[in-house]
Amino acid sequence: MARVPAIKAEGLRKVFPHPEGELEILKGIELTVWPGEKVAIVGPSGVGKTTLLQLLGGLDRPTEGRILHFGENILDLSDEALSAYRNRHLGFVFQFHYLLPEFDTLENVMLPGLLAGLPRPEIRRRAEDLLSRLGLSERLHHRINDLSGGERQRAAMARALLLEPRLVLADEPTGNLDAESAREVTEILLQLNQKYDTTLVVVTHNMELAARMDRILRLEAGKLKEVSFEKLVSLEA
Ligand SMILES: Nc1ncnc2c1ncn2[C@@H]1O[C@H](COP(=O)(O)OP(=O)(O)OP(=O)(O)O)[C@@H](O)[C@H]1O
Ligand SMILES: [Mg+2]
């Protein structure tokens, strides 16, 4: 049987309206990511990395093009079906965390499990385990607003991974973190990939993280190009 890509994007364009004419951010993205693959997306600020990740994760719709996950066109799903699919099968780590301020750390991390209707004790065990690995055992009952930026980022990571999604899309997951926490986040992503064959697409400026991926794609002038790690280092220098 032919292998089906975890993600296939075809001819993706994204145009934003702008008073001085339209802004064409993505100009025809072609991307195939195989199940279990680890891909980094890099590129300068404002080039469209978050825009691309949001399209790939079905959080926004492209102006043109197709996006298939495991052979299914996610753009054919109703908004309701798409959000149920995202909750159950995608782990999205946002550049800005979007945790819910009215709940504490543990509740935020448990939320996808509760929405999916899994047994509460099991969800709680998994959430506490993830939070402990991310160094947040002492912060389970803190309000989100009482956490530091890096702590929020780690809580958001735990929430994204709670249901052991088959596909993780992470936008600067080490963005606000010190070197040690960044390494822990990197290790957790890699372990998830090894243990469950989770497909990873990670937007990052972090060279240590990029170096651990199978492929590095650079977004430039609205298109993706594969670059070697050596080439990336020379571009960043
Ligand atoms: N909803 C929107 N309406 C209009 N312009 C937008 C919108 N969203 C993003 N843009 C513009 O599209 C461009 C790409 O934004 P995006 O957030 O994807 O960049 P990025 O590569 O993630 O940057 P960074 O590395 O700083 O996070 C930016 O110039 C941004 O201003
Ligand atoms: Mg961004």
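Remember, it's a predicted structure, so these values are computed and weren't measured experimentally. Both ligands and their constituent atoms are indexed starting at 1 by order of listing. Atom set for the values below is all heavy atoms of this structure, side chains included, hydrogens, waters and symmetry mates excluded.
- Residue L100 is not grouped with residue L134 when hydrophobic side chains (ILVMFWY) are merged at heavy-atom distances under 4.5 angstrom, including chains of intermediate members.
- Residue R61 is tested with L82, I74, L55 for a side-chain contact (heavy atoms from CB on, under 4.5 Å); the sole match is L82.
- Across the listed options H18, E24, K49, K49 owns the non-hydrogen atom lying nearest to atom 20 (P) of ligand 1.
- Other residues, nucleotides and ligands place no more than 12 heavy atoms under 6.0 Å from the CD atom of E138.
- Scanning the protein heavy atoms around atom 27 (O) of ligand 1, the nearest turns out to be Q95 NE2, 2.9 Å.
- Within 6.0 Å of atom CD in E22, 12 or fewer heavy atoms from other residues, nucleotides or ligands are found, so the atom counts as exposed in its surroundings.
- Counting atoms of ligand 1 from 1 in the listed order, those under 4.0 Å from a heavy atom of T51 are 14 (C), 15 (O), 16 (P), 18 (O).
- Separation of atoms CG (N73) and CG (L68) is listed at 5.0 Å; rounding is to 0.5 Å.
- Following chains of ILVMFWY side-chain contacts shorter than 4.5 Å, one cannot reach M157 starting from F103, and the two form parts of different hydrophobic clusters.
- The protein does not reach atom 30 (C) of ligand 1 closely, with no heavy atom under 4.0 angstrom from it.
- Within the 2.8 Å limit, T50 places at least one N, O or S atom next to the Mg ion (ligand 2).
- Looking at ligand 1, you won't find any N or O of H205 less than 3.5 Å from one of its N or O atoms.
- Nearest-residue assignment for atom 23 (O) of ligand 1 (options G222, G46, P44; heavy-atom criterion): G46.
- The protein heavy atom nearest to atom 12 (O) of ligand 1 is I25 CD1, 3.4 Å.
- For atom 17 (O) of ligand 1, the closest non-hydrogen atom on the protein side is T50 CB, 3.6 Å.
- Counting only heavy atoms of the protein, atom 26 (O) of ligand 1 lies nearest to S45 OG, 2.5 Å.
- Relative orientation of the F94 and Y98 rings is perpendicular, given thresholds of 30° and 60° on the angle between their planes.
- By the rule that hydrophobic residues join a cluster once side-chain heavy atoms approach within less than 4.5 Å of another member, I7 and L26 end up as members of one cluster.
- At under 3.5 Å, a nitrogen or oxygen of V47, whether backbone or side chain, sits near a nitrogen or oxygen of ligand 1.
- Counting protein heavy atoms only, atom 8 (N) of ligand 1 is closest to F16 CZ, 3.4 Å.
- A heavy-atom separation below 4.0 Å is found between G48 and ligand 1.
- Both I41 and L167 belong to a common hydrophobic cluster when Ile, Leu, Val, Met, Phe, Trp and Tyr are linked at side-chain heavy-atom distances under 4.5 angstrom.
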